[in-house]
Amino acid sequence: MATRSFTIRVPATSANIGPGFDVVGLSLSLYLTLRVSITPPSESSPARPPVLSYTGEGADEVPLDAYKNLTTRVALYVLRCHNIAKFPSNLSIHVHNEIPFGRGLGSSGAAVIAGVLLGSELGQLNLSQSRMLDFALMVERHPDNVTAALVGGFVGSYLRELDSAATEAASVPLSEVLPEYPPDAGEEWGLNPPQPPLGIGHFVRFGWSKSISAIAIIPRFELSTAKARSVLPQEYSRKDLVFNLQRLAVLTTALAQDPPDPELIYEAMKDRIHQPYRKTLIPGLPEVTSNITPSTHPGLLGICLSGAGPTILALATEGYEAIAEDARKIFREQNIEVDWKLLTIGGESIVEQN
């Protein structure tokens with residue numbers, strides 16, 4: 001067998017985009033990149049376990065054991081669902097990550113999609129895009145980030161209502177899908193994982209005006225998705241639900257119009273389902289989203305929390321630095337420092353043969 005090498009690239013994502021809680025996602029031009037090589041064992045290069053190396057964001061906290069790293073554990077899950085029990089010998093993976101951890105930019109979703117692509121490529125499975133989404137949704141149970149990371153662009157998604165058997169299969173605990181490997185686990189440990197049902201998630205890609213860029217305003221602290229979800233109520237009023245539905249219906253078309261309408265989009269990016277409840281976790285959030293407007297900052301279209309936060313996402317056609325620096329001033333009043341990045345809308349995840 002000849003040496004094989006390939007590169008996987010997965011974009012960052014922002015979920016919700018204001019009113020689209022757990023529904024819409026947007027891919028962004030920060031990337032998780034895997035450079036993968038498989039060398040056949042030989043006298044000079046005997047068979048060995050996988051070797052991982054990692055640079056970029058999170059390099060000092062990511063496990064480099066293939067049985068503990070999220071991306072390689074997902075890849076092994078995909079392989080074992082296709083009766084391939086182990087990684088190929090002499091597998092080397094170098095990861096370079098541009099996506100900050102715990103900031104609402106889809107770092108875990110990118111890692112999961114990278115794992116699904118890695119498993120498909122290592123096993124030469126040729127999985128379809130919809131089947132890859134099934135595997136991703138067995139791990140990351142919300143479709144907004146992983147769908148946008150996989151297919152790219154501005155995307156709406158939902159989880160299909162499954163029959164009782166498929167619902168049970170899709171609802172197995174994550175600990176069964178990705179078991180924690182004990183230190184003494186051999187290659188036979190954790191075989192026969194739960195198979196994902198067919199067609200768990202469905203999506204549509206919306207249009208996007210090429211004149212719109214995204215400013216990611218990134219506070220220098222992490223906020224876990226679990227903590228950000230814990231402050232949300234179990235029930236909502238009809239008034240608040242209608243408020244969001246009205247705006248989401250407008251937003252998905254408004255962001256494709258050329259030229260985009262700032263007054264329309266700014267109002268359509270407002271939310272009553274998650275942002276009001278998360279303001280206690282992100283000091284400065286209400287002030288940033290209410291004080292930075294199209295009238296005060298020409299070029300701004302809308303501003304919202306990115307995913308679970310703490311990153312703020314501003315959509316704009318110009319005036320990027322003024323928007324970001326004024327947001328920085330507001331956060332500084334709360335003793336919070338931020339970084340900001342001007343991003344374009346990312347494309348789909350890709351695998352390139354080297």
Side-chain angles (χ1 to χ4, degrees), residues 13-27 104 106 109 137 140-148 153-162 167 200-209 212 214 223 225-257 259-282 284-296 300-316 345:
T13 52
S14 178
N16 307 331
I17 320 300
F21 179 67
D22 277 3
V23 177
V24 298
L26 180 68
S27 62
L137 288 171
E140 186 95 353
R141 303 296 170 96
H142 305 286
D144 42 9
N145 283 111
V146 289
T147 306
F154 182 35
V155 181
S157 56
Y158 65 83
L159 299 177
R160 185 166 63 89
E161 289 189 344
L162 305 169
T167 297
I200 302 174
H202 292 257
F203 67 89
V204 63
R205 190 183 288 106
F206 303 118
W208 186 269
S209 170
I212 303 175
L223 176 59
T225 301
K227 185 174 182 179
R229 283 188 175 271
S230 70
V231 299
L232 301 181
Q234 293 296 314
E235 297 179 345
Y236 294 94
S237 69
R238 179 187 298 178
K239 182 178 179 180
D240 284 350
L241 290 174
V242 170
F243 179 95
N244 271 47
L245 288 170
Q246 289 173 334
R247 281 152 183 77
L248 182 60
V250 171
L251 184 65
T252 52
T253 297
L255 289 172
Q257 293 179 333
D261 183 335
E263 299 304 325
L264 183 69
I265 293 170
Y266 183 80
E267 181 62 34
M269 283 179 64
K270 291 182 179 179
D271 162 78
R272 290 184 180 174
I273 299 300
H274 68 107
Q275 290 183 180
Y277 303 98
R278 289 170 167 165
K279 64 185 179 183
T280 57
L281 302 176
I282 308 166
L285 171 63
E287 292 82 1
V288 169
T289 54
S290 60
N291 294 348
I292 297 178
T293 70
S295 60
T296 62
L300 178 74
L301 299 173
I303 192 164
C304 64
L305 195 59
S306 179
T311 293
I312 303 291
L313 190 76
L315 303 181
I345 307 315

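This is a predicted model, so every value here is computed, not measured.
Heavy atoms only, all atoms of each residue included: G156 and V24 are closest at CA-CG1, 4.2 Å. Scanning both residues, G153 and S27, for their nearest heavy atoms gives N-OG, 2.7 Å. Closest approach of A316 and L300 over heavy atoms only: CB-CA, 4.0 Å. In this structure, E263 and P294 approach most closely via the heavy-atom pair OE2-CB, 3.8 Å. Across Y277 and R272, no two heavy atoms sit closer than the pair CE1-O, 3.6 Å. Scanning both residues, G106 and N145, for their nearest heavy atoms gives CA-ND2, 3.9 Å.
Within the 4.5 Å cutoff, the side chain of Q257 has heavy atoms near those of the L264 side chain. Counting heavy atoms from C-beta on, the side chains of I345 and L26 come closer than 4.5 Å. Two residues are said to be in side-chain contact when any heavy atoms from C-beta on lie closer than 4.5 Å; R247 and E267 meet this criterion. With a 4.5 Å cut-off on side-chain heavy atoms, I212 and P260 count as touching. Side-chain atoms of R229 and H142, non-hydrogen and from C-beta on, do get closer than 4.5 Å to each other.
Partners of Y236 according to the ring pair (Phe, Tyr, Trp, His ring centres under 6.0 Å) rule, which considers only residues two or more places apart in sequence or in another chain, do not exist here. With sequence neighbours excluded, the residues that form a ring pair (Phe, Tyr, Trp, His ring centres under 6.0 Å) with F206 are F154.
Remark: the backbone N or O of A228 is paired with a side-chain donor or acceptor of R278 at under 3.5 angstrom. Judged purely by atom type and a 3.5 angstrom limit, D144 has no side-chain atom pairing as donor or acceptor with the backbone of A15. One N or O on the side chain of Q275 and one on the backbone of L305 form a donor-acceptor pair closer than 3.5 Å. A donor-acceptor pair is defined here as one N or O able to donate and one able to accept, closer than 3.5 Å; such a pair exists between the side chain of S306 and the backbone of G104. Using modelled atom types, one side-chain atom of T289 and one backbone atom of P286 make a donor-acceptor pair closer than 3.5 Å. Of the possible polar contacts, one joining the T296 side chain to the T293 backbone as a donor-acceptor pair under 3.5 Å is found. The backbone N or O of H274 sits less than 3.5 Å from a side-chain atom of D271, completing a donor-acceptor pair.
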- Message: Using the rule given for side chain to side chain contact (heavy atoms under 4.5 Å, CB included), can you reason through L315 versus I303, listing the C-alpha separation, both sets of side-chain angles and the distance that settles it, and then say yes or no?
- Response: CA-CA 6 Å; L315 303 181; I303 192 164; over 6 Å; no
- When you look at F21 and L248, which way does the side chain to side chain contact (heavy atoms under 4.5 Å, CB included) test go after all the steps? CA-CA 9 Å; F21 179 67; L248 182 60; over 6 Å; no
- For side chain to side chain contact (heavy atoms under 4.5 Å, CB included), just list the numbers for L137 and V146, CA-CA rounded to whole Å, side-chain angles, deciding distance to a tenth of an Å, and then say yes or no. CA-CA 8 Å; L137 288 171; V146 289; 3.8 Å; yes
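Comment: R141 does not engage D22 in a salt bridge, judged by the lack of any side-chain N to carboxylate O separation of less than 4.0 angstrom.
Interatomic distance, OH of Y266 versus CD1 of I292, reported as 8.5 Å (0.5 Å rounding). Note that the CZ atom of R160 and the CD1 atom of I200 stand 8.5 Å from one another [nearest 0.5 Å]. For the atom pair L241 CG and E235 CD, the distance stands at 10.5 Å (nearest 0.5 Å).
Geometric assessment of R205 against the ring of F203 yields a negative cation-pi assignment under the 6.0 Å and 45° thresholds.
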